[in-house]
Number of protein chains: 4
Amino acid sequence: MVKKPAPDATRRSQRSRRAIYEAALALVVEEGYPRTTVEGIAARAGVGKQTIYRWWSSKADVLLEAFLDLGEQAARQAGYEPYSVPDTGDLAADLKAVLRATVDELVDPRFEAPWRALAAEGLVDEQLGREFVAKLLEPQLDLYARRLRAAQAAGAVRPDVDPRIGLELFVSPLAQRWLQRTAPISHAYTDTLVDYALYGLAPR
Amino acid sequence: MVKKPAPDATRRSQRSRRAIYEAALALVVEEGYPRTTVEGIAARAGVGKQTIYRWWSSKADVLLEAFLDLGEQAARQAGYEPYSVPDTGDLAADLKAVLRATVDELVDPRFEAPWRALAAEGLVDEQLGREFVAKLLEPQLDLYARRLRAAQAAGAVRPDVDPRIGLELFVSPLAQRWLQRTAPISHAYTDTLVDYALYGLAPR
Amino acid sequence: MVKKPAPDATRRSQRSRRAIYEAALALVVEEGYPRTTVEGIAARAGVGKQTIYRWWSSKADVLLEAFLDLGEQAARQAGYEPYSVPDTGDLAADLKAVLRATVDELVDPRFEAPWRALAAEGLVDEQLGREFVAKLLEPQLDLYARRLRAAQAAGAVRPDVDPRIGLELFVSPLAQRWLQRTAPISHAYTDTLVDYALYGLAPR
Amino acid sequence: MVKKPAPDATRRSQRSRRAIYEAALALVVEEGYPRTTVEGIAARAGVGKQTIYRWWSSKADVLLEAFLDLGEQAARQAGYEPYSVPDTGDLAADLKAVLRATVDELVDPRFEAPWRALAAEGLVDEQLGREFVAKLLEPQLDLYARRLRAAQAAGAVRPDVDPRIGLELFVSPLAQRWLQRTAPISHAYTDTLVDYALYGLAPR
DNA sequence: GGATAAGCGAGACGGTACGTCCTGTCTTCAC
DNA sequence: GTGAAGACAGGACGTACCGTCTCGCTTATCC
């Protein structure tokens, strides 16, 4: 099998890379993902198409990296340690606070458009989906898992509970409502989710 | 605004309609959604492209109807009352049984391929997403809501719990794991979900 | 071979026939021949497509009959004997008079559009071309041939001249200039043609 | 008005251009002009449709250039100076010789099919018609005009005759007979045309 | 005068081609 | 040897018509 010689990353134009990120994100927000094309990104970035195909394998791939970069930039600006679940000792309050912030973030179109696009692409394209989960989803979920483990140590969560499953009780419902638009989301809603998740549906 | 005169549905060819359904589903299963084209569906169904565009607005629209039709056919064969949540009096057991069956179903490629494709398309195309939810998701969720309400009447679920939210505690995690492949699914997993959802994470 | 039973002409709707003629001619004048479609003719005539296909084999066929009908109508109005070459005894004067009238007629768009369309179609479609020539061209040329024969009898044309060829010396140049737009046409031009044709190019 | 940026002709693929010419001419000869499609030309030439639409505006336009190129090639092979009217001093003989050669050429299907198609298209599409006349017809007619002017200098044609009109007396009849199939053509016919044209129809 | 069969308006159908858009590759030239 | 530029082969898009067909509805004999 004849393999293309890998391009020399050390000579890569950072100027072009950034321009492509910006163009990709802007187009997805302005035009929507399906109407965003590699050609359009190249034109807007003032870049040849080949420069995109040399470094990425598809427009989804470009968008994924662009979106990750956006997150890193935001993190850098916010003084690092951007997303984390606080630990005030009150588990319910901590979770509610973080989920409320998440709800607020989910409505920002600069965030929503690329996220939806990547999530959608990942549903159908398994390879991209795994990358999307590993790089974007998993890190977030880990923060909740860590907090739950701390709560277990403090006795606020039963010791036999699997934190990786436990967190899904409040995270997945929010994710589904938002992504699939099965119902509206709100602070009240996420508060309720936390309460149900911690204390269950059955009478005590 | 120039409006196309609506086609006369009474003169519609049922033969073609069925052939299109079958072709669309088969192609999505065999080739994958992105490689499925309107042209391909038309060719496989032995139909003119215009016949597709006359009755549907996009390949996603075709697939949605085809999939709904598939469900109806399956229901008819199964002697109606296809999907329902049983009520043996034991809420946990009933939910676990249904979710186990669901897990089994989710791996059938005849089901998985179109469902993923429609879900993905619905994430990005709001109009289609709402139709997808209303016609495919909501009816299923209703069954759980009904069962939870019955459980409330029987005292097995706290009366102040909102069933529409409560059901999400076990349904959404399964949905997310399967759709986004965040983690594997199994009978053990859904059993655990039901337990956590009913009795909470906090110690009793 | 299974042959379609010929339609019963006695039950044919004259109303539809006339409406189709009018629609065809109007569309060719207004939209041009290539943009005139069978569907468009049917719609404008308030007629089903099948009614056209029942009686004609192509849009060119429709247009040919429509144009012939137009000619007959014009003839009927003009009190029959519409086109003819007069015989005042002065051959040159007679030919010039008729050709001048022809030049005037050739600029009428109601005449020009269908004629050009039919001529063009006839160049490529031999069958239609022969019909076009037989029904539209030949009758006109015959009038000239007859006049030339009369002139031979009167001694104004050499007896050994073949009238069918002789007439082409002034008719064909006008036809070519007009059809192919090789040069402008005018009364002066046709007068000159007649002079050259009768007396030749070589010095006397 | 939004104008497409003109494509860069210096980077044009000559390989494709020639393949398109050949495919277009072959298809017109083999299938006939109406059954020749842009798609068919592209397929036969092993070329994308866009490559055709990038450089030409219609199939007629392609064919016109292809035919002109064919002429140039033939000229190049024949050692340049392909078509000309000889001047032996005997005007009648010279004209007869050229017209006889023309008659022979008109029956070659490699010539006839594209020529008819272009002529037909030119009758209806004025822009194409003017190009057809300017590039294909006019140069040929000029040769006759030149020969007639030489004959005037030699006293073989009356000095007051307009050569541009005079040549039509024998050229246009042949053109019309061939194009419109009003009557068969032959060497005898063109000989007669020359005689009539030079010496007129009226007795001397 | 009631049956029956044809022409008719309408338009859905299987197809073909259109002209456009975009993909991913390749080539050219500038830096 | 990367990058901007963009031509290229390919292929799907959604539209426009083709010529055939089927559907009810009129209409016009013919029994």
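Proteins get letters first, then strands, A, B, ... in listed order; numbering begins at 1 in each. Everything quoted here is computed from the prediction, not taken from an experiment.
Taking CD of E131(D) as the start and CG of L136(D) as the end, the distance is 9.5 Å to the nearest 0.5 Å. Between atom OG of residue S57(C) and atom CD1 of residue I52(C) there is a gap of 12.0 Å, rounded to the nearest 0.5 Å. With rounding to the nearest 0.5 angstrom, the CG atom of L118(B) is 7.0 Å from the OH atom of Y33(B).
Within 3.5 Å, a donor on the side chain of K49(C) pairs with an acceptor on the base of dG19(F), or the reverse.
Every residue two or more places apart in sequence or in another chain that forms a side-chain contact (heavy atoms from CB on, under 4.5 Å) with R44(D) is listed here: A23(D), A26(D), L27(D), E30(D). Residues passing the side-chain contact (heavy atoms from CB on, under 4.5 Å) test with D125(B) are Q127(B), L128(B), sequence neighbours excluded. Checked against salt bridge (charged side-chain N to carboxylate O under 4.0 Å, His left out), E65(C) has no partners two or more places apart in sequence or in another chain. For R12(B), the salt bridge (charged side-chain N to carboxylate O under 4.0 Å, His left out) test picks out no residue, with sequence neighbours left out. Listed by chain and number, the residues in a side-chain contact (heavy atoms from CB on, under 4.5 Å) with T51(D) are S16(D), I20(D), V47(D), R54(D), W55(D) (sequence neighbours excluded). For A66(B), the side-chain contact (heavy atoms from CB on, under 4.5 Å) partners at least two apart in sequence or on another chain are Y21(B), L25(B). Applying the salt bridge (charged side-chain N to carboxylate O under 4.0 Å, His left out) test to R15(B) and every residue at least two apart in sequence or in another chain returns nothing.
Remark: C1' of dC8(E) and CG of D8(C) are 13 Å apart, rounded to the nearest angstrom. Rounded to whole Å, the distance from CD1 on I52(B) to P on dC13(F) is 9 Å. Rounded to an integer number of Å, the gap from I20(B) CD1 to dA12(E) P is 14 Å. Rounded to an integer number of Å, the gap from CZ of R18(A) to P of dG3(F) is 15 Å.
For the pair S16(C) and dG9(E), the criterion of a side-chain N or O lying under 4.0 Å from OP1 or OP2 is met.
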Base-contact (B) and sugar-phosphate-only (S) positions in nucleotides 22-31 of chain F, heavy-atom cut-off under 4.0 Å, - elsewhere: B----BS---
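Panel note: side chain K59(D), backbone T36(D); a donor-acceptor pair is recorded below 3.5 Å.
The cationic group of K135(B) does not satisfy the cation-pi geometry with F67(B), failing either the under 6.0 Å distance to the six-membered ring centre or the 45° limit from the ring axis.
Scanning residues 117-127 of chain C for heavy-atom distances under 4.0 Å to DNA chain E yields an empty list. Proximity of residues 53-63 of chain B to DNA chain E (heavy atom under 4.0 angstrom from any strand atom) is restricted to R54(B), W55(B). A heavy-atom distance below 4.0 Å to DNA chain E is reached by these residues of residues 23-48 of chain B, ordered by number: G46(B), V47(B), G48(B).
For an aromatic pair to be called close, the ring centres must be under 6.0 Å apart, and F132(D) with W115(D) satisfies this.
P114(C) approaches P109(C) most closely through the heavy-atom pair CD-O, 3.9 Å.
Proximity of R11(B) to D8(B): side-chain heavy atoms (C-beta onward) are separated by under 4.5 Å at one or more points.
Remark on the helix from dG1(E)-dC31(F) to dC31(E)-dG1(F): inter-end axis angle 10°, axes from five-pair C1' superpositions, rounded to 10°.
Under 4.0 Å is where a charged nitrogen must lie from a carboxylate oxygen, and between R130(A) and E126(A) at least one such pair does.
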